[in-house]
Trainee: 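Sharing a structure, written as structure tokens. Questions coming.
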Amino acid sequence: MRRWFLLVLMPFAALAQESPAPDTLAQRIAACTSCHGERGEGGDNGFNPRLAGKPEGYLHRQLLAFQRGLRHYPIMEHMVAPLTDAYMREIATYFAAQDVPYATHPTPAMSPQAVTRGEQLATKGDPARGIPPCMACHGPQLAGVQPDIPGLVGLPYDYLSAQLGAWRTDTRGTIAPDCMATIVSRLTDSDISAVSAWLASRPVPADAHAAAAGSVAPPLRCGVLGG
């Protein structure tokens, strides 16, 4: 019986020795692409965001935030826990270099008042409440700014509203001074819904690439930007 068992196992053992998993970056980031798409184009559920083309510095910083407990999501925290800084930079470099078409996502119905408010917050802010416009940091096309500010266009409503909510509930943060936490603390629930829906409904510009470094002057002190 033992001899038969060994004979059965031998072909599988030989196959395992002859066909090891390829040691390529694509193989090693399979856990990333299973949720965020093969080239980081984003998942289908509205909560797994696009990574493709985002500034490398931003992507690297988010991996660090999950690893250091500044940003909380159990799956991501588990995934990055054993990674070296060099490995995380390699992952960030890969996704930052991807240039793939943007997916479209459904957006909730908006009242005319919500459309107006969302556009105001994104393009003009609310000076009376100390809320700068999204464009002041994320660029005039809202496509991000090199090397550290992400684009907002092409992101699903569910993801945008969830992340703004995460800053409010202290499940997402960054090094002090955390300018996004400051801004979100001044938004109402209806503001978060309105600006998220307005951003998610915007058509993606033809040249949706992050603007050049230094092309915006952030209106608030931000620790991640050296402020």
Side-chain angles (χ1 to χ4, degrees), residues 36 39-42 48-66 70-71 88-103 105 118-127 130-157 159-164 166-167 172-187 191-192 195-227:
H36 293 280
R39 295 178 61 190
E41 61 270 24
N48 296 327
R50 176 188 176 94
L51 305 179
K54 279 191 165 61
E56 181 179 338
Y58 169 78
L59 293 174
H60 174 244
R61 190 173 72 248
Q62 296 316 301
L63 294 173
L64 283 175
F66 282 116
L70 294 171
R71 188 173 177 183
M88 290 189 286
R89 288 186 183 278
E90 187 177 8
I91 293 171
T93 300
Y94 170 80
F95 285 115
Q98 303 308 303
D99 190 2
V100 294
Y102 279 75
H105 305 278
E119 182 177 13
Q120 176 195 356
L121 290 169
T123 62
K124 299 177 182 177
D126 188 339
I131 302 171
C134 302
M135 287 181 174
C137 287
H138 294 272
Q141 290 192 311
L142 297 165
V145 180
Q146 295 289 357
D148 291 304
I149 303 175
L152 303 179
V153 291
L155 289 173
Y157 167 82
Y159 177 77
L160 289 165
S161 58
Q163 295 312 301
L164 292 174
W167 261 295
R172 179 171 183 173
T174 189
I175 59 175
D178 189 342
C179 51
M180 276 301 304
T182 299
I183 293 168
V184 171
S185 72
R186 299 169 182 171
L187 297 174
D191 285 341
I192 288 176
V195 73
S196 298
W198 190 86
L199 289 169
S201 68
R202 305 316 301 155
V204 177
D207 183 26
H209 295 90
S215 58
V216 301
L220 298 177
R221 291 182 62 233
C222 297
V224 295
L225 302 179

Trainee: For the side chain to side chain contact (heavy atoms under 4.5 Å, CB included) test, which of P49, S196, P150 pairs with L155?
Mentor: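 In the set P49, S196, P150, the residue that makes a side chain to side chain contact (heavy atoms under 4.5 Å, CB included) with L155 is P49.
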Trainee: Say you draw a straight line from CD1 of I131 to NZ of K124; how long is it, rounded to the nearest 0.5 Å?
Mentor: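 Going from CD1 on I131 over to NZ on K124, the span is 15.0 Å.
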Trainee: If you round to the nearest 0.5 Å, how far is CG of N48 from CD of E41?
Mentor: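 Spacing of CD (E41) from CG (N48) equals 11.5 Å.
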Trainee: About how many Å separate CE of M88 and NE2 of H60, when rounded to the nearest 0.5 Å?
Mentor: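 H60 NE2 to M88 CE: 5.0 Å, rounded to 0.5 Å.
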Trainee: Would you confirm whether R186, through its side chain, and G130, through its main-chain N or O, come within 3.5 Å as a donor-acceptor pair?
Mentor: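 Looks like yes, one N/O pair under 3.5 Å.
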Trainee: Do Q98 side-chain atoms and G53 backbone N/O form a donor-acceptor pair below 3.5 Å?
Mentor: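 Side chain of Q98 to backbone of G53: no pair is present.
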Trainee: Which residues pass the side chain to side chain donor-acceptor pair (under 3.5 Å) test with Q146, not counting sequence neighbours?
Mentor: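 If we apply the side chain to side chain donor-acceptor pair (under 3.5 Å) test to Q146, skipping adjacent residues, there are no hits.
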Trainee: Is the SG of C222 found under 2.5 Å away from the SG of C137?
Mentor: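 Not so, these two cysteines form no disulfide.
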Trainee: Would you list the atom pairs, donor with acceptor, under 3.5 Å between side chains in residues 198-206 and any protein atom, with sequence neighbours excluded?
Mentor:
residue	atom	partner	partner atom	Å
S201	OG	A197	O	3.2
S201	OG	W198	O	2.8

Trainee: With rounding to the nearest 0.5 angstrom, report the CG to CG distance, D178 to L70.
Mentor: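 CG of L70 is found 9.0 Å from CG of D178.
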Trainee: Going by disulfide bond (SG atoms under 2.5 Å apart), name the residues that satisfy it together with C134, two or more places apart in sequence or in a different chain.
Mentor: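 If we apply the disulfide bond (SG atoms under 2.5 Å apart) test to C134, skipping adjacent residues, there are no hits.
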Trainee: Are R71 and Q163 close enough that a side-chain donor and a side-chain acceptor fall under 3.5 Å?
Mentor: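 Side chains of R71 and Q163: pair found under 3.5 Å.
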Trainee: For the atom pair OH (Y159) and NE2 (H105), what is the distance rounded to the nearest 0.5 Å?
Mentor: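 Output value for this atom pair is 11.5 Å.
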